[in-house]
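Since the structure comes first, as structure tokens, the remarks are kept for the end.
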Amino acid sequence: MSRRKQIYEGKAKILYEGPEPGTLIQYFKDDATAFNAQKKATLQGKGVLNNRISEHIMIALGRIGIPTHFIKRVNMREQLIKKVDIVPLEVICRNVAAGSMSKRLGIDEGTQLPRAIVEFCYKKDELGDPLIAEEHVTAFGWATPQEVDEMVSYTLRINDFLQGMFFGIGIRLIDFKIEFGRHYDGDGVELLLADEISPDSCRLWDLETDKKLDKDRFRRDLGDVTEAYAEVATRLGILKDTQGSVTKLSVVKSED
Ligand code: UDP
């Protein structure tokens with residue numbers, strides 16, 4: 001598939017050396033993992049959908065002034081991105097209780113939170129990405145206090161924008177996870193939104209029915225995972241219709 005140098009392989013994506021110095025190619029795989037990779041599957045077409053959905057969101061965020069690593073999509077599964085040093089944190093933003101927060105604090109899933117809550121997890125697979133306090137982030141030097149402030153402020157802006165965007169297509173944004181990276185250029189260092197934003201990294205519920213349109217369909221064996229991602233893409237106006245897109249995606253899969 002590629003003669004390029006592979007820089008990194010993660011659970012759902014591969015990074016290759018880019019065409020210019022300071023760039024990378026981000027390849028979206030069909031692999032899905034959950035529970036710290038204890039559960040694994042290949043979901044045909046997922047990578048294509050996440051590539052398109054993440055592109056759509058990164059472009060929109062760029063337009064409202066959030067600096068991102070995204071440069072352009074190059075094909076069905078790949079994007080050209082700026083090379084960054086990933087800050088070893090998962091920044092989670094929650095509007096409605098779900099998942100680990102519901103378990104940890106005993107709050108029923110679906111309970112509206114009094115305000116958006118931003119959490120940090122330390123990116124360390126061996127430890128299962130533990131929840132940490134801002135104190136740990138700065139004390140251990142994972143990010144400076146100024147970077148923490150910047151990440152929280154970007155995260156809340158991203159949350160406001162995404163909540164509105166999804167509300168407009170009948171979807172409730174329950175929570176999401178983002179990552180930031182440091183981008184070095186001649187003028188110094190800049191924090192950029194990196195990684196991806198897709199149904200793999202968000203909880204998205206249909207506004208009317210509460211139907212889950214995200215990775216919980218895989219985590220909880222609810223079925224029709226790719227169909228749900230295609231539904232999100234369709235509502236965003238990226239794909240014409242769910243049926244057609246899934247058929248087309250199978251064709252695409254065999255071609256690349
Ligand atoms: N999330 C993610 N990657 C992770 C952990 C969480 O993208 O390694 C996302 C997850 O999809 C959800 C949000 O972050 O949208 C909050 O996840 P939570 O802490 O509830 O963890 P989970 O219940 O998924 O273990």
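Both counts, for ligands and for their atoms, begin at 1 and track the order of listing. One is the number of the first residue; the rest follow in order along the sequence.
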Q. Applying a heavy-atom distance cut-off of 4.0 Å, which protein residues contact ligand 1?
A. E90, I92, R94, A98, G99, S100, D129, D175, F176, K177, D200, S201, C202, R203, R219

Residue pairs, two or more places apart or on separate chains, that pass salt bridge (Lys or Arg N to Asp or Glu O under 4.0 Å) and touch [range]:
range: residues 129-152; result: E147-R182
range: residues 192-207; result: K13-D195, K13-E196, K46-D200, D175-R203, K177-D195, R203-D216, D206-R235
range: residues 95-108; result: R104-E119

Q) In the single-linkage hydrophobic clustering (I, L, V, M, F, W, Y; side-chain heavy atoms under 4.5 Å), do F176 and I92 co-cluster? A) no

Q.
Between R94 and S100, does the side-chain hydrogen bond (donor to acceptor under 3.5 Å, both in side chains) criterion hold? Intermediate values first, please.
A. CA-CA 11 Å; R94 302 177 184 273; S100 68; 3.1 Å; yes

Q | Side-chain ion pair, D125 and K11, N-O less than 4.0 Å | A | yes

